[in-house]
Structures are given as structure tokens and as C-alpha cells.
Amino acid sequence: MRAESVVTPTTGIRPLVLGPSLTRAGVVLGFGTVLALVVMGVAVTAGSVGIDLGDTAGILGRRLLGLPIPVTWPASSETIIVDLRLPRVLTAMLVGGGLAIAGTVFQGLLRNPLADPYIIGTAAGASLGATLGIVAPLLVPALAVGAGTAWLGIGVVQLLAFAGGLGTVLLVYAIARGGGRVPVVTLLLTGYAVSAVLAAGVALLMFFSGRVLGAIFGWLMGSLAGASWSQLAFAAPLVGIGFVLLLVRWRRLNVLLLGDAQAAHLGVDVEREKLILTALASLTTSAAVAISGTIGFVGLVVPHVLRLATGPDHRLLLPASALYGAALLTLADLGARLAGGIPVGIVTALLGAPFFLWLLRRSRSVRAGLS
Amino acid sequence: MSIALELPATSAEPVEPLISVAGLLAGYALPGGRRREVLRGVDLDVAPGELVALLGTNGSGKTTLLRCLAGTLTPDGGSVTFGGRRLPEWRRDELARRVAVLPQQVDLPGGFRVAELVAMGRSPHAQRLFGSTAADERAIERALHDADASGLADRWVEELSGGERQRLLVAMALAQEPDLLLLDEPTLHLDLAHQVALLTAIRRLRNQRGMAVLAVLHDLNLAAAFAPRVAILDGGRVAADGPPGEVLTTDLVRRVFSVPVDEAWTKAGDRHLALRDAWSDESTPRPARLD
């Protein structure tokens with residue numbers, strides 16, 4: 001009879017049991033952090049108005065850290081850095097990180113490598129909300145009185161976009177639910193159908209929008225031109241809470257990759273967990289979209305590439321998505337600003353889509369964790 | 001070959017059953033609002049540490065019964081009691097610390113190494129937010145060892161053969177350190193050598209760990225050699241339940257499986273059931289005799 005004490009001290013298992021080796025996690029997250037900080041620095045410094053690096057550092061040090069740095073720059077520089085560029089760069093980081101996290105969660109949850117944060121209706125719902133917010137004062141003149149005012153610093157457009165995104169996902173979820181279960185395929189198809197209906201609504205509103213058509217179009221493309229501290233104060237806590245609550249569920253996300261039945265065998269209350277993950281990812285997405293419009297490809301490409309690079313373990317994938325998503329969108333927005341202020345969504349689509357195609361052709365044999 | 005049972009095979013006093021099934025009714029919804037009844041009143045008790053083989057024809061309800069026991073299918077009637085509590089009263093993670101399942105089919109995601117997947121078997125026990133405890137790591141190493149998968153620990157999942165995948169799934173279930181292990185056709189896709197190796201390993205583990213095992217099997221002779229108790233499902237009910245020598249009579253097998261069988265004795269004196277004259281249908285040419 002084999003005694004239990006002969007369990008072999010299998011060397012080399014321990015680091016594996018910890019998941020991705022600590023070195024790999026350290027490299028991925030360390031490089032991501034440095035990259036995000038460097039991109040942030042460059043994006044704050046660069047712009048159509050030349051402010052040199054020393055002045056930028058001085059302004060940031062003085063205003064953010066309260067350092068006693070003598071003022072050697074014109075007041076306009078301080079306004080540009082603190083009131084325009086910094087909130088815009090931070091918004092780009094928040095939106096990019098938030099979309100990438102949500103994309104990671106949806107790709108894992110739906111076991112579909114082509115899922116993005118918008119897949120089950122967030123984008124269509126937010127678009128309809130935002131379009132309504134833009135058009136309503138035009139169609140019903142009485143509303144124009146309150147249209148310019150902001151509630152808690154947030155415009156009507158942002159609030160309607162946020163509510164539209166989150167509300168649509170909950171609607172899609174409720175429709176897809178049958179017999180206490182929400183099959184993934186039904187969820188995807190329902191999301192597609194509901195999105196189509198809402199998109200028709202957006203198109204209808206655009207048809208009657210007259211002179212605000214440009215504003216609607218800009219919003220749909222996704223733009224960070226309207227970034228402000230008050231919008232950040234609205235979205236940052238929502239994205240932050242979403243990120244933390246998703247990150248602590250990494251183990252369940254991993255187990256769900258084994259399929260619903262096996263996840264249940266391993267102790268996951270599958271239907272409840274799917275609802276929680278969907279709600280949290282949609283909260284994150286809707287908060288990001290509310291302050292930026294529907295920016296494409298960040299939430300699709302970043303998780304996809306990281307999954308190829310780091311493997312499917314969500315413990316590493318989620319924080320890495322946040323860092324690289326933040327860096328990527330900040331860089332794209334810098335490009336959009338330097339290209340004369342085009343909507344950043346055009347830049348992400350222009351660069352993201354071909355890159356994604358190249359990746360698809362190259363990575364057929366690479367492990368992605370989603371087959 | 002005989003393997004000594006370390007647990008009392010027969011004890012004088014009745015043992016409180018680990019899992020108890022009474023009058024279980026279960027089925028599936030069909031399109032058009034109709035239902036297909038699969039289980040029509042199943043009664044079955046499994047004691048702690050007991051090893052039971054579950055036999056029956058295709059569609060007799062073996063997998064359905066296992067799903068009800070695992071709590072992934074809600075029965076239409078009757079009850080399943082585990083550890084003294086009705087199954088619906090168990091939280092999923094609570095149950096997963098006591099019951100492990102080896103399903104017929106699992107879609108294993110690529111990109112993980114074997115040890116990482118086995119570590120997922122620890123998730124119902126997880127105590128640390130991001131890491132694992134020493135107890136987790138001991139359980140994982142022991143599970144890998146017991147499932148004969150230590151050598152696979154740092155292999156990628158997508159590189160495994162069918163037999164290696166099965167050993168990985170066994171290790172994942174063992175990492176849960178269950179009191180009850182449910183196996184749904186564990187020998188599917190395995191060659192004869194691996195079938196015997198897997199079943200021998202499971203019987204040894206059940207002896208070492210004292211866990212109860214309920215295994216759906218197809219091969220009657222393999223089941224008789226493997227389990228001290230077999231239960232036969234037929235038409236959604238337990239048609240027979242007891243030691244294989246008493247249960248697996250030629251009459252019963254003929255009745256349940258609708259095939260004619262004969263008893264045959266090996267030179268060692270073991271009784272086997274042999275298919276009678278499979279080539280009596282004249283359209284199929286009879287193979288040449290080997291003698």
C-alpha cells in the first residue's frame with residue numbers, strides 16, 4: 001500500500017501554482033506602469049501650444065504636489081496644463097483602462113475573443129441616451145432652458161448616456177433570461193437585436209437633428225475634447241469601483257472559462273456570477289462612454305493582445321488591461337490632438353483595426369485561452 | 001489481483017448515508033412545452049467511503065442522476081439529501097468543498113498549464129484574495145501525485161492526449177478534497193490499459209482518502225471488477241442494487257440491455273459475462289475461429 005507520505009516534493013510546481021510566474025507578472029505590470037507614466041508625461045507636455053518640459057514639470061509640481069516652485073511661466077501655460085491637458089490625459093487613461101477591463105471581462109465571460117465592452121448593448125444604449133440629450137432641446141424648445149446647465153457638474157448628455165448604456169444592458173439581460181438561466185448565445189443575439197433597434201432610434205434622431213448633427217456625429221465617433229475635472233469626478237469613482245470589484249472576482253472569471261457546468265462543480269453560482277460580472281463590466285463601460293462617446297477597438301484589441309502575451313489568467317490580465325488600455329488611448333488621443341483635433345475614435349479605428357487583422361492572421365496557433 | 005479494503009466493507013450498525021436519494025423525478029423540457037421524464041422515482045443511498053458503480057443503457061438516466069446529485073439540475077420531485085441537509089439548502093461553494101465531479105466532457109481553455117488548472121480545483125476553498133495557502137499547495141501537489149499527473153504539472157493543457165486530460169480532470173477533482181466523487185464515464189476515450197489504470201487508481205484513492213465514489217460505467221465486467229456494489233438504472237428507476245455477483249445475473253442483463261449473454265469463467269475462477277454469439281445474424285460474416 002502506498003503511504004501518503006511519499007508525495008513527491010515536486011520541485012518547480014510552486015511558482016506555477018501561484019499562476020503566472022512572479023517574474024512574468026512583474027515584467028508585464030512593471031513595464032505597463034512605466035509605459036503609462038511615460039505616455040502620460042509626454043501627452044501632458046505635447047500639444048499645439050509649446051510649453052517646455054521644465055515649465056510643465058514646474059506647473060504640475062506646484063499645483064498638484066504643492067511644491068514651492070518659483071513661477072517662471074505665463075499664467076496661460078498654467079491654465080492649459082491644469083485645466084485642459086491634464087484632465088484630458090487623465091480622462092483618456094480612465095476611459096482606456098475602463099474599456100480594456102470591461103473588454104477583458106466580456107471576452108472571458110462570453111468565452112468569445114471577439115467580444116468588446118459594447119457587445120451586449122452598452123454602446124447603442126449610451127448613443128441613444130446621448131443623442132436624445134443633444135437633440136431634445138432642439139425638438140422641444142422648453143427643454144433648451146435647462147440644457148446648458150449642469151447637474152453636479154455633469155451635463156444632461158453624459159447622464160443620459162450613462163443611464164442609457166447601463167439600462168440597455170439590464171434590459172438585454174432581462175430579455176435573454178429564460179427559466180432562470182441566461183445562455184451566452186442568447187445574450188449575444190439579444191444584445192445584437194436590441195442594439196439594432198436602438199441604432200435605428202439614433203438614426204431617426206440624427207435625421208431630425210438639423211444643425212446639431214455634427215455634435216451627435218462627434219459623440220458617436222468618440223472624442224475627449226470635452227474632458228473636464230467635473231466629468232472625471234463623476235466617472236473616476238464608478239470606473240474605479242468597477243475595476244476593484246471585478247479584480248477581486250478573478251478566480252471566478254478563471255473558473256468560468258471551464259464552462260458553466262464545471263464552474264458550478266467548482267463552487268461558482270454561475271447565473272448569479274454572470275449577472276454580477278455583466279453589471280460591473282457594464283457599469284465601468286457606461287461610465288467611460290458617458291464622458292468620451294463610443295471609442296472603438298481599445299476594449300477589443302488590448303485584452304486580446306494581452307491574452308496572447310500573458311495567458312488567460314485574469315489575476316494578471318485585469319490589472320495589465322487597465323495599464324495598457326490607459327497608455328494606448330492616451331497615445332491615440334495625443335495623435336488625435338496633434339492631427340488637428342479629430343475625434344480619437346477615428347484614430348483608434350484607423351490604427352486598431354489593421355493591427356487587429358494582422359494579429360488575427362499571425363496568432364492562429366497562439367494560446368489565447370478562448371478556443 | 002485483489003486489493004485490500006481498508007474501510008469496513010460491511011459494518012454491523014447502519015451507517016448514516018452520505019448522500020440519500022428518495023423518489024427522485026427529473027427530466028428536461030422539450031420544445032412545445034412538453035417534458036421528457038428521465039428519472040421516474042430513483043431511490044439510492046451511498047454511505048461515506050462507499051464505492052458504487054452505476055450501470056444502465058444509454059438514456060436510462062445515469063448522467064441525469066449525477067447532475068441531480070451534483071446540484072446542477074433541479075429535480076421535478078423527490079429529494080436529494082447530502083450530509084444530512086437537503087441539496088437546495090447548500091450554497092454552491094459549500095457543496096463544492098464536499099462534492100467533486102468528473103464530467104463526461106469539459107472544454108479546457110488553452111493557455112493554462114496543468115498545475116494552474118488543478119489549482120482551480122482549490123477555488124471553493126480559497127482563503128487568500130490573490131494567492132494560495134500552504135494547505136492549498138499541499139492539496140494540489142497531492143492531487144497531482146494521486147492522479148499520476150505530477151509529470152504533467154508544467155505541460156500546456158492543449159498539448160495533452162486524451163488520457164492525460166482525463167488525469168488532469170481527476171487531479172482537479174481531487175484538489176477539491178471531496179467526501180464524494182461523482183464520475184461520469186471516466187473511462188470514455190481511454191484504451192483498456194488506461195481504463196484499468198484509472199479505475200485502479202480511483203479505488204486506491206477512495207481507500208486512502210476515505211471518500212465515497214459513484215461512477216457511471218459502461219463495461220459490466222470492468223464494473224464488476226472495480227466496485228463492491230453496482231446499481232443498475234433502467235427506465236428511470238433502480239432495477240437492481242447490490243454486490244456485482246448477485247446483481248449482474250444473465251437474466252437481468254438480458255432484460256435490461258436486451259442482449260443475450262452467457263456466464264463465462266476465467267482460468268483464475270473469476271466470473272465474466274460474455275456476449276452470446278454476436279454473429280448469429282447471417283448477413284455478417286462470422287470471423288474465423290482462432291483454435
Side-chain angles (χ1 to χ4, degrees), chain A residues 1-4 6-22 25 108 111 178-180 247-252 254-273 307-308 310-313 315-317 319 365-371, chain B residues 4 6 29 67 70-72 74 91-97 99-101 103 105-126 129-132 136-138 140-142 144-146 150-151 153-154 156-158 169 172-173 176 182 204 207-209:
Chain A
M1 182 95 288
R2 248 162 283 192
E4 277 164 28
V6 291
V7 169
T8 41
T10 29
T11 50
I13 288 183
R14 290 177 78 87
L16 283 172
V17 165
L18 290 168
S21 69
L22 288 178
R111 270 167 273 144
L247 182 61
V248 300
R249 309 189 98 77
W250 67 271
R251 207 175 251 125
R252 287 169 232 201
N254 280 356
V255 170
L256 278 169
L257 292 177
L258 300 169
D260 288 1
Q262 185 67 356
H265 298 151
L266 292 176
V268 176
D269 189 339
V270 174
E271 293 307 325
R272 179 171 172 266
E273 199 59 32
R307 194 172 272 111
L308 294 173
T310 72
D313 189 340
R315 182 171 28 174
L316 176 56
L317 208 47
S365 60
V366 184
R367 308 177 179 93
L370 305 168
S371 42
Chain B
E6 288 178 357
R67 290 185 63 196
T72 49
T74 310
R91 283 210 331 262
R92 274 243 63 95
D93 56 337
E94 240 182 349
L95 193 65
R97 289 194 280 270
V99 180
V101 183
Q105 199 162 16
V106 178
D107 296 325
L108 291 175
F112 283 107
R113 292 180 191 270
V114 169
E116 291 178 283
L117 278 177
V118 173
M120 287 190 194
R122 292 304 294 171
S123 54
H125 296 274
L129 193 51
F130 291 104
S132 49
D136 288 332
E137 307 205 356
R138 267 200 309 278
I140 292 162
E141 288 194 15
R142 190 172 161 216
L144 281 166
H145 172 266
D146 286 354
S150 293
D154 51 6
W156 295 104
V157 171
E158 54 270 44
L169 289 173
M172 203 192 289
Q176 287 175 255
L182 302 172
R204 174 170 50 78
N207 292 342
Q208 285 173 359
R209 296 184 171 218

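Protein chains get the first letters and strands the later ones, always in sequence-line order, with residue 1 at the start of each. Because the structure is a prediction, the values reported are computed rather than measured.
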Q: Considering non-hydrogen atoms only, spot the tightest contact between Leu266(A) and Ser123(B) and give its length.
A: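 For Leu266(A) versus Ser123(B), the nearest heavy atoms are O-OG, 3.7 Å.
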Q: Which heavy atom of Gly110(B) sits nearest a heavy atom of Pro312(A), and at what distance?
A: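 Nearest pair, atom of Gly110(B) first, then Pro312(A): O-CG, 3.5 Å.
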Q: Which atom names give the shortest non-hydrogen contact between Arg251(A) and Leu129(B), and what distance separates them?
A: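 Taking every non-hydrogen atom into account, NH1-O, 3.8 Å.
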Q: Do other residues, nucleotides or ligands put more than 12 heavy atoms under 6.0 Å from Gln105(B) CD?
A: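 Count not over threshold, so no.
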Q: By a 4.5 Å heavy-atom criterion (distance strictly below it), what part of Leu117(B) contacts chain A: side chain, backbone, both, or neither?
A: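 Contact with chain A involves the side chain of Leu117(B) alone.
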Q: If you round to the nearest 0.5 Å, how far is CE of Met120(B) from CG of Asp313(A)?
A: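 These two atoms lie 7.0 Å from each other.
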Q: From Leu169(B) CG over to Gln262(A) CD, what is the distance, rounded to the nearest 0.5 angstrom?
A: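 The distance works out to 6.5 Å.
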Q: Indicate yes or no: at least one non-hydrogen side-chain atom of Val270(A) is less than 4.5 angstrom from one of Thr72(B).
A: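 They are not in side-chain contact.
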Q: Distance check, rounded to the nearest 0.5 Å: Arg92(B) atom CZ versus Glu273(A) atom CD?
A: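 Spacing of CZ (Arg92(B)) from CD (Glu273(A)) equals 13.0 Å.
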Q: Non-hydrogen atoms of chain A under 4.5 Å away: do they reach the side chain of Val118(B), the backbone, both or neither?
A: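 Neither part; nothing is under 4.5 Å.
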Q: Can you give me the closest heavy-atom contact between Phe112(B) and Leu257(A), atom names plus distance?
A: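 Smallest interatomic distance, heavy atoms only, reads CE1-CD1, 3.7 Å.
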Q: For Leu95(B), is it the side chain, the backbone, both, or neither that has a heavy atom closer than 4.5 Å to a heavy atom of chain A?
A: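 Looking at Leu95(B), nothing touches chain A.
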Q: Taking Gly267(A)'s backbone N and O only, do any of them form a donor-acceptor pair with Gln176(B)'s side chain (distance below 3.5 Å, no angle check)?
A: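 No, the answer is negative, given that no donor and acceptor are paired below the 3.5 Å cut-off.
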Q: What's the verdict on side-chain contact (heavy atoms from CB on, under 4.5 Å) for Leu258(A) and Asp107(B), showing C-alpha distance, side-chain angles and the deciding distance?
A: CA-CA 6 Å; Leu258(A) 300 169; Asp107(B) 296 325; over 6 Å; no
